[in-house]
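Written out below as structure tokens is the structure these notes cover.
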Amino acid sequence: MGEWFDETFKDQVRLGLRVRRSLLHSKSEYQTIDIVDTEPYGVTLLLDGAMMTSVREEYFYHEMLVHPALTVAPSIRRVLVVGGGDGGTVREVLRYREVERVILCEIDALVTEACKTHMADFHVPWDDPRLTLVFRDGVAYVREEGEPFDVILIDGADPVGPAEGLFTSPFHESCKRRLTRGGVLALQSEAPFLMREDFLRIVRSLRGVFPRVHPYFGPAPIYPSGSWSFTFASATVDAHPPMPERLEQIETRCRYYNRDIHRAAFAQPNDVRRALGARCV
Ligand code: SPD
């Protein structure tokens with residue numbers, strides 16, 4: 001690896017980070033795994049050459065994937081995280097006292113092993129007795145009959161390669177079946193401007209499955225364009241308001257998320273409203 005690492009999106013946009021040194025370059029059954037120490041963002045995980053997460057800016061993404069769902073869902077006793085082998089998402093989930101059981105279903109055990117070794121600054125409580133690691137394909141895991149979940153969080157990579165199945169309607173249907181009544185699904189839904197077609201396809205797929213679907217937005221400095229989307233979906237629950245007793249547990253520990261960010265993140269720009277067939281003000 002040279003002095004710079006560049007991620008190229010569709011041969012049209014390039015995001016470069018100055019690299020101090022490479023900590024790991026390996027190839028698993030599913031993908032290439034790199035961990036590099038970068039000037040701007042510290043230790044950074046790359047899968048198949050795409051930036052996944054970094055020690056210095058991961059909190060934007062992980063807090064926004066987790067807390068809008070966890071502050072709103074009626075019950076948060078049982079939580080499933082699909083993907084997210086770096087552990088940032090489960091770290092945020094485990095902040096809540098009411099959480100009794102968290103399953104992390106990651107397809108690639110080598111990703112988790114690499115992150116445990118090289119990304120200790122993520123401070124993931126891997127030994128928390130509430131956490132169970134399952135190294136399996138999340139699509140197959142969710143499709144099977146099994147214990148129900150109050151919240152499912154999908155922390156996949158992009159919709160190419162091993163994570164592709166996580167962005168399909170059959171998978172969204174399986175998630176609905178595995179949720180309890182009042183259950184909430186939240187997932188990363190790509191860049192709302194640069195990857196507009198992917199974003200809209202994901203939201204439309206969810207709308208075909210769940211009666212209540214709310215896209216929301218946040219910053220993601222290491223993803224192409226720096227602006228990211230997530231989508232909240234449920235059969236019975238809307239994305240507001242967050243519960244005061246849940247906010248009290250986590251707001252002071254978060255670096256980005258708070259009740260004002262929660263409200264603001266769900267505001268939809270006019271072009272998104274139009275594309276989704278909603279009225280503009
Ligand atoms: N363009 C990269 C999108 C990756 C989203 N998931 C990252 C995993 C972080 N836990």
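All residue numbers refer to positions in the sequence shown, counting from 1. Counting starts at 1 for both ligands and their atoms, following the listed order.
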Check your understanding: Quick one: which ligand 1 atoms are inside 4.0 Å of a heavy atom on H62?
Key -> 9 (C), 10 (N)

Check your understanding: When you check the side-chain N and O atoms of S54 and E57, is any donor under 3.5 Å from an acceptor?
Key -> yes

Review point. So, R196 and D271, do they make that salt bridge, N to O below 4.0 Å?
Key: yes

**Study point:** Numbered atoms and elements of ligand 1 in range of M51, under 4.0 angstrom, heavy atoms
**Key:** 2 (C)

Exercise for review: Return the option from I222, D158, T89 holding the heavy atom at the smallest distance from atom 3 (C) of ligand 1.
Suggested key: D158

Review point. Which ligand 1 atoms are under 4.0 Å away from a heavy-atom of D86?
Key: 8 (C), 9 (C), 10 (N)

Check your understanding: Polar-atom distance check: G156 versus ligand 1, any N or O pair below 3.5 Å?
Key -> yes

Revision key, fill the gap. Within the 4.0 Å heavy-atom cut-off, what Q188 brings close to ligand 1 is side chain

Check your understanding: Can you tell me which residue and heavy atom of the protein come closest to atom 4 (C) of ligand 1, and the distance to 0.1 Å?
Key -> Y223 OH, 3.6 Å

**Study point:** Proximity of H240 and H214 rings by center, below 6.0 Å
**Key:** no

**Study point:** Polar contact flag, side-chain donor to acceptor under 3.5 angstrom, T71-Y257
**Key:** yes

Review point. Can Y256 and H62 be counted as having a side-chain donor-acceptor contact under 3.5 angstrom?
Key: no

Review point. Any N or O on W228 sitting closer than 3.5 Å to an N or O of ligand 1?
Key: no

Review point. Where does E58 meet ligand 1, judged by heavy-atom distances below 4.0 Å: at the side chain, the backbone, both, or neither?
Key: neither

Point to revise | Short N or O distance, E7 and ligand 1, threshold 3.5 Å exclusive | key: no

Practice item. Look at atom CZ of R20 and say whether more than 12 heavy atoms of other residues, nucleotides or ligands are closer to it than 6.0 Å. Key: yes

Check your understanding: In terms of residue, atom name and distance, what is the protein heavy atom nearest to atom 8 (C) of ligand 1?
Key -> D155 OD1, 3.2 Å

Practice item. Consider only side-chain N and O atoms of D155 and Q188, and report whether a donor and an acceptor are under 3.5 Å apart. Key: no

Check your understanding: How are the rings of F230 and Y216 set relative to one another: parallel (under 30°), tilted (30 to 60°) or perpendicular (over 60°)?
Key -> parallel

